[in-house]
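What you are looking at is a predicted structure, and each value in this text was computed from that prediction instead of being measured. Below, chain A is the first sequence line, B the second, and so on; all start at residue 1.
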2 protein chains.
Amino acid sequence: MADIEKRRGKPVTSYDVAKKAGVSQSAVSRCYKAGASVSAKTREKVRIAAEELGYEPNAIARSLITKRSNSVAVIIPNLTNLYYPEVLAQLGQRFSKRGIRVLLFALETESDAEDALQQIWQYQVDGVIAAAKLSEKQIAEFSRRKKPLVFYNRHSNDHSASAVCCDQAEGAETLATGLVESGHNSAAIICGPPDSVVGQEREQASEARLRELGMTDIVKIDGDFSYECGAAAIDKILDKHGNIPDAIMCVNDMSAIGVIDSLRFEHDLKVPDDVSVVGFDGVGPANWLSFDLSTVRQPVGRMTEAAVNMLIERIENPEIANEKRVFSGILMEGTSARLSG
Amino acid sequence: MADIEKRRGKPVTSYDVAKKAGVSQSAVSRCYKAGASVSAKTREKVRIAAEELGYEPNAIARSLITKRSNSVAVIIPNLTNLYYPEVLAQLGQRFSKRGIRVLLFALETESDAEDALQQIWQYQVDGVIAAAKLSEKQIAEFSRRKKPLVFYNRHSNDHSASAVCCDQAEGAETLATGLVESGHNSAAIICGPPDSVVGQEREQASEARLRELGMTDIVKIDGDFSYECGAAAIDKILDKHGNIPDAIMCVNDMSAIGVIDSLRFEHDLKVPDDVSVVGFDGVGPANWLSFDLSTVRQPVGRMTEAAVNMLIERIENPEIANEKRVFSGILMEGTSARLSG
DNA sequence: CAAAAAAATGCATGCGCATGCACCAGTACA
DNA sequence: TGTACTGGTGCATGCGCATGCATTTTTTTG
């Protein structure tokens, strides 16, 4: 029972268990491998010995041999954008259910993944999910090392990596179309940070569709996905443009909420009576009664599920070709915009 | 240049580099260890060879020898409670700056850490930060294995682990005192989930202080830290109590925001004119103009900094005694409650 | 310029486990 | 009773690196 090994806190190895159980080290090892050939008797002896000694297989040593660490890296930007915690939580739980550990790399800004990558290479993760921008060179490094990479809402120009995406353009176009068709004549677009492809795609698609449908009075305001940039945007619009447009399209929900708050509390305007506001993402607060945002919800559940599956498939069979899965967003007809005609 | 090793994608080892550089494997190894004795000439030869081959030391193999994985586990519950993403982001960045990798364990409910722990033992992490409830037995396992454990806003009954905490009771008492002193006569307390110690502490301290100051008309409502539970609470209060009290104390900001929204949009009441609402945490949305919550902000920056430091100290010197650091929250006098007189 | 001290290097070894191989005990069948 | 299997088992080996020790090279010093 209270064995010496236990008391000393010195790590228990498979040899210790083997000795105690009266079998060989290989037998112990096999007991921890599914489908290995071990008799019930041996298995039981080992189980008891292991329990008494408090043995757990050393995953590090195992990884060294099997070349599989059973862990993946998740690269995520900016957890203060409320969209990402949801993604992260789901990825975490899904991987965890599959017995895969998650190494977290939370970036301060999208583009400084270099550090994370360096660590990733050293750490021998089995694969990577990246919700951040990587350079072509960085992406090439993945194929050189034969490490599966799945982008989340990002992509590489030349299909050299797999990806799951929400169709940013489609969603933005739906919103833009709805706004024009319900009679809005002028618009502001609150943009994302310059290094965010997602932001750019939404912004460009929004503008293009608005113009396509005949709207010419469009002003674009810099932003960074934050509440604060949304709240500050109205004053910037006034500076730049003189008056508030009919509609404000924000590249994400957080900034849309900032816009709404600023309109209501700093400019005494009504949403959507005076101004329509739309966002993008469908984060939790978008549904709060205060905002009831008209937005496009990304199907995070299906997207994370797909990302996890794609990555695991490619870990198990590195030969599978790259694949890109694009999901349509779901229009949430909230009450922050007049959309229905 | 475009070496065969590269093309084949087969991993480059220190032996490969050694051969290419014309030195021994040990020399290569020493080049990657700070403070090791290597001549500038050798170092340069190795650097060039490593670069040409694309060599990165294998952290797994290194860990096997050094018994240090340079990684820590972070156990966190429920990322949908907006408080935790902030904590996680900060922990991630702080560890990352120190060259330590973070293994994320995102729990679905506070108390199912068993799975995570199993993985943690196998994975040989150097230490653990836990923002979740662990059983005494689980905590004992940490000392048996000599793995440093630092609780974040949790603790063990018998000081068998280190901890950083925000003083929940103090914060709750400050709020309760403020409410009574500014003339509130009745209150509801929206509680947290039953397995959350943090929630219980806040709830109990709130109630105790209210009663201590003479308030007797107090109703308690079950909750779970979510916006939804806050939004649903008003109806529950009416069911249970018949009328809405002067003040509603919520154990966290998310539920407080739900309460405010429900009061305003479902019951046509004004906050704080008709009802005062207070929260706890100081999460991002608490500052949004829509809410401007009266709350106690936890000094997350200092708390995470302390947690990281405490853990690293104990990894480097396991003999250091346990320590508990308690931080005071900061009263944020928003406008969701009449507090100032 | 020789002797002593210091720095640099290589050799050999082992961390804890998984796995190919040879071997042994059983069971099936003729 | 013998031959051919099958499932179980142990032995030996190596994953990629760090590190103690012995050895060689360089530097320092009298």
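- Ring pair A:Trp121/A:Phe142: centre-to-centre distance below 6.0 Å.
- Regarding contacts with the backbone of C:dA18, every side-chain N or O of A:Lys33 stays at 4.0 angstrom or more from both OP1 and OP2.
- Using a 4.0 Å heavy-atom distance criterion, B:Ser39 is classed as a sugar-phosphate-only contact.
- Between the CG atom of B:Asp16 and the P atom of D:dG16 there is a distance of 9 Å, given to the nearest Å.
- No engagement by A:Val28 is indicated, since no non-hydrogen atom pair under 4.0 Å with the nucleic acid exists.
- The side chain of B:Thr42 lies closest to C:dA8 when the candidates are D:dT9, D:dC17, C:dA8.
- With respect to A:Arg302 and A:Glu305, no salt bridge is recorded, no charged nitrogen being found less than 4.0 Å from a carboxylate O.
- The aromatic rings of B:Tyr55 and B:Tyr32 lie perpendicular to each other, with more than 60° between the two planes, well past the 30° mark.
- For B:Gln122 and C:dG16, the CD to C1' distance is 13 Å, given to the nearest whole Å.
- Across all strands shown, A:Ser63 has no heavy atoms under 4.0 Å from either base or sugar-phosphate atoms.
- Checking the phosphate oxygens (OP1, OP2) of C:dG16, no side-chain nitrogen or oxygen of A:Thr13 falls inside 4.0 Å.
- Base engagement by A:Ser26 is indicated by at least one non-hydrogen atom pair under 4.0 Å involving a base atom.
- Both B:Leu64 and B:Val23 sit near DNA chain C, but only B:Val23 has its closest nucleotide nearer the 5' end.
- For the salt bridge (charged side-chain N to carboxylate O under 4.0 Å, His left out) criterion with B:Asp126, the lone passing option out of B:Lys67, B:Arg98, B:Arg68 is B:Arg68.
- Picking from C:dG10, C:dC17, C:dG14 the nucleotide with the shortest atom distance to the side chain of B:Ile65 gives C:dG14.
- For D:dG10, one of the phosphate oxygens OP1 or OP2 lies less than 4.0 angstrom from a side-chain nitrogen or oxygen of A:Ser24.
- Applying the 4.0 Å criterion to OP1 and OP2 of C:dA8, one finds that B:Ser37 has a side-chain N or O inside that range.
- In this model, the phosphate group of C:dG16 is not approached by any side-chain N or O of A:Ser14 to a distance below 4.0 Å at OP1 or OP2.
- Here the P atom of nucleotide C:dC15 and the CD atom of A:Gln25 are 12 Å apart, to the nearest Å.
- Taking 3.5 Å as the limit, the base of D:dG10 and the side chain of A:Arg30 contain a donor-acceptor pair of atoms between them.
- Judged by distance alone with a 3.5 Å cut-off, no donor-acceptor contact links the side chain of A:Thr66 to the base of D:dC15.
- For D:dG16, the OP1/OP2 oxygens have a side-chain nitrogen or oxygen of A:Lys67 closer than 4.0 Å.
- Residues A:Ala27 and A:Tyr15 each lie close to DNA chain D; by heavy-atom proximity, the contact nearer the 5' end of the strand is made by A:Ala27.
- Applying the 4.0 Å criterion to OP1 and OP2 of C:dC17, one finds that A:Tyr55 has a side-chain N or O inside that range.
- Of the charged side-chain nitrogens involved, none lies within less than 4.0 Å of a carboxylate oxygen, so that B:Glu141 and B:Lys137 do not count as a salt-bridged pair.
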